[in-house]
Amino acid sequence: MGTTIHVILSGGVGSRLWPLSRKNNPKQYLPLFNEGSLFAMTVQRNTALTSKVIVVGNRDNYILSREALANHDIPHQHIIEATPRNTAAAIAFAALASDPDDILLVTPSDHVILGDEDYAQSIEEGIRKAEEGYIVTFGISPTRPETGYGYIEYEQDQVLSFREKPNHDTAEDFIERGNFLWNSGMFCFRADVLLEELYRFEPAIYRAAQDVWKQQQEGRLDEQLSKKIPSMSIDYAVMERSKKIRVVKTQFQWSDLGSFESLYDYFISTGYPVDEHGNMVIGTDLYTAFVGLKNTIIVSTQDALLMVQKEKSQDVKKVYNTLEKHQSRLID
C-alpha cells in the first residue's frame, strides 16, 4: 500500500476578495483568523490524516507556502507552476510526482472547515473508497440556495450529475429536492487511477503534463512547455465523465470564503462587530459611520478602498478584472 499524500492546490488569486487578496499575497496566506492563515489551517487539519504534503502553487507566491510549511513537522514537496493551466493539469502534476499506489487527498488551500471529528471521519471514508479504486468527491450539505457553488446530484454514494453554478431559482429547486450537495472541490483517489482516467478522457492534457513533468527542475515547471497544456478543470476533464466517481456526504461545516459575503458570514459567526444595520468594516480602526445603508462592507487597505453591498460581493471580481486589464499594480 502506498503513502497517503495531502495535495494542496494553492495557485489561486482570490480575486473576489480584492483588495485584501493580491497576486503576491492571495487570501490563503492572509492573517485574517485567530487560528492563522487559511493555508496553515489547511495543513494542520490534515496532518494527522496524511503522511506527506505536496503543494501545487505558482511562482508568484510559492515562497509563502514554503514559509508556512516550515512551521510544520511533515515531509513536503513543492510543484511550482510557471503559468496557470487549471486544476486538471495541477492535479496531474501531483499524481505524476507520486507512486502509482499512493492515495492523494486533494484540497484547496483557502477553505474554512469546522468540526474536526466529522472531517476526519469523512476523509477516512474517502480514503477507503479510493483504496477500492474509486475517485472520490466530497459533498457539502447545502444550508441555503447558494448561486456561487457548483452542485452534485446524488443517490447514496452514486453521483447522478454535476451541475454548474445555478441561478437563484434553480438553486432553490435543488434545495427543495433534497438530493443535491455543494461541490467542495476536494477529491481523493489513487494516483494511477486518476492518471488512467485523465488519459482516457483528455489524452492531450495527460501527454502535455507528462512532457512538462519530465523536464521539471526541483519542482519548477518549464513555462513554454506548460503553455502547450490545454487549460481545463478536473471537473470537466474527469469528474463529469468517469464511471469511477463516488461521493462522500460530509457533516462538517464548510465555507470556501470565495467572496466578501462568505467572509462576512464567517466573521459574524466569530463575533466580529457590525452596526445595527449589518454594516461591517474590515481593515481599518478609523471611525466609520453608515447612513442609509444596510449590509454594506467597507474594506480598507493601504492603497485601496472598497465599498460593496454584501449580496453583490461576487461582482468584486469585475473590479479585479478591470484592474488586471489595465495592468494596474493594485492587484500585485
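This is a predicted model, so every value here is computed, not measured. FYI, side chains are in, hydrogens and waters are out, and symmetry mates aren't considered; it's all heavy atoms of this structure.
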How far apart are the closest heavy atoms of [X] and [Y], and which atoms are they?
| X | Y | result |
| --- | --- | --- |
| Thr87 | Ile234 | OG1-N, 2.8 Å |
| Leu198 | Ala92 | CD2-CB, 3.7 Å |
| Leu257 | Leu17 | O-CD1, 3.5 Å |
| Ala94 | Ile54 | O-CD1, 4.1 Å |
| Thr4 | Leu49 | CG2-O, 3.8 Å |
| Phe290 | Met280 | CZ-O, 3.9 Å |

Less than 4.5 Å apart, side chain to side chain, heavy atoms only: is that true for [X] and [Y]?
| X | Y | result |
| --- | --- | --- |
| Val43 | Ile8 | yes |
| Tyr266 | Ser255 | no |
| Gln216 | Ile79 | no |
| Val136 | Val247 | no |
| Ile297 | Val299 | yes |
| Ile135 | Arg246 | no |
| Ile103 | Glu131 | yes |
| Val56 | Ser10 | no |

Determine yes or no for a side-chain-to-main-chain donor-acceptor pair under 3.5 angstrom, with [X] supplying the side chain and [Y] the backbone.
| X | Y | value |
| --- | --- | --- |
| Ser328 | Leu330 | yes |
| Asn86 | Ala88 | no |
| Asp102 | Thr3 | yes |
| Asn279 | Thr296 | yes |
| Ser21 | Val13 | yes |
| Ser37 | Pro31 | no |
| Thr250 | Gly139 | yes |

Taking only residues at least two apart or on different chains, which pairs with a member in residues 113-128 satisfy salt bridge (Lys or Arg N to Asp or Glu O under 4.0 Å)?
none

According to the salt bridge (Lys or Arg N to Asp or Glu O under 4.0 Å) rule, which pairs have a member within residues 292-306, sequence neighbours left out?
Arg22-Asp303

Using the side chain to side chain donor-acceptor pair (under 3.5 Å) rule, collect all pairs that involve residues 50-66, keeping only residues at least two apart or in two chains.
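Qualifying pairs, neighbours excluded: Lys52-Gln77, Asn58-Asn61, Arg59-Glu223, Tyr62-Arg220, Ser65-His78.
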
Within 6.0 Å of CD in Glu155, more than 12 heavy atoms from elsewhere:
no

CZ/Phe267: more than 12 non-hydrogen atoms of other groups inside 6.0 Å:
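Above 12, so yes.
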
Checking side-chain polar atoms at under 3.5 Å, does [X] have a donor or acceptor matched by the opposite partner on [Y]?
| X | Y | value |
| --- | --- | --- |
| Tyr119 | Asn46 | yes |
| Tyr151 | Asn183 | no |
| Glu197 | Ser242 | yes |
| Arg163 | Ser161 | yes |
| Asn167 | Thr170 | yes |

Who are the side-chain contact (heavy atoms from CB on, under 4.5 Å) partners of [X], not counting sequence neighbours?
| X | result |
| --- | --- |
| Asn179 | Glu153, Tyr154, Leu160, Arg177 |
| Arg16 | Lys165, Gln314, Lys317 |
| Thr284 | Val281, Leu286, Ser300 |
| Asn295 | Tyr264, Lys310, Glu311 |

Nearest-0.5 Å distance, [atom1] of residue [X] to [atom2] of residue [Y]:
| X | Y | atom1 | atom2 | result |
| --- | --- | --- | --- | --- |
| Lys243 | Arg241 | NZ | CZ | 11.5 Å |
| Ser226 | Trp213 | OG | CH2 | 11.0 Å |
| Leu263 | Leu32 | CG | CG | 6.5 Å |
| Gln251 | Ser141 | CD | OG | 5.5 Å |
| Leu181 | Phe174 | CG | CZ | 11.5 Å |

Within [range] or reaching into it, pairs that qualify as ring pair (Phe, Tyr, Trp, His ring centres under 6.0 Å) - sequence neighbours excluded:
| range | value |
| --- | --- |
| residues 84-115 | His111-Trp254 |
| residues 34-60 | Tyr29-Phe39 |
| residues 312-332 | none |

Is it possible for you to say whether [X] and [Y] belong to one hydrophobic cluster, with membership spreading through side-chain heavy-atom contacts below 4.5 Å?
| X | Y | answer |
| --- | --- | --- |
| Ile229 | Ile91 | yes |
| Leu96 | Leu9 | yes |
| Ile123 | Ile245 | no |

Using the salt bridge (charged side-chain N to carboxylate O under 4.0 Å, His left out) rule, take Lys318 and Asp315 through it: C-alpha gap first, then chi angles, then the decisive distance, then the call.
CA-CA 5 Å; Lys318 296 178 182 178; Asp315 292 340; 3.7 Å; yes

Show your reasoning for whether side-chain contact (heavy atoms from CB on, under 4.5 Å) applies to His6 and Thr42.
CA-CA 10 Å; His6 180 202; Thr42 300; 3.7 Å; yes

The test is side-chain contact (heavy atoms from CB on, under 4.5 Å); show your working for Leu114 and Phe252 and say whether it passes.
CA-CA 6 Å; Leu114 303 176; Phe252 53 81; over 6 Å; no

Check the pair Ile5, Leu105 against side-chain contact (heavy atoms from CB on, under 4.5 Å), reporting the backbone distance first and the verdict last.
CA-CA 6 Å; Ile5 300 173; Leu105 170 64; over 6 Å; no

Which atom pairs, one a donor and one an acceptor, fall under 3.5 Å between side chains of residues 187-194 and the rest of the protein, sequence neighbours left out?
{"from": "Arg190", "atom 1": "NE", "to": "Asp192", "atom 2": "OD1", "distance (Å)": "2.9"}
{"from": "Arg190", "atom 1": "NH2", "to": "Asp192", "atom 2": "OD1", "distance (Å)": "3.4"}
{"from": "Arg190", "atom 1": "NH2", "to": "Asp192", "atom 2": "OD2", "distance (Å)": "2.6"}

With sequence neighbours left out, write down each residue that passes side-chain hydrogen bond (donor to acceptor under 3.5 Å, both in side chains) with Asp222, or none if nothing qualifies.
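Asp222 satisfies side-chain hydrogen bond (donor to acceptor under 3.5 Å, both in side chains) with no other residue.
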
Glu261/Lys312 salt bridge by N-O under 4.0 Å criterion
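No, no charged N to carboxylate O under 4.0 Å.
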
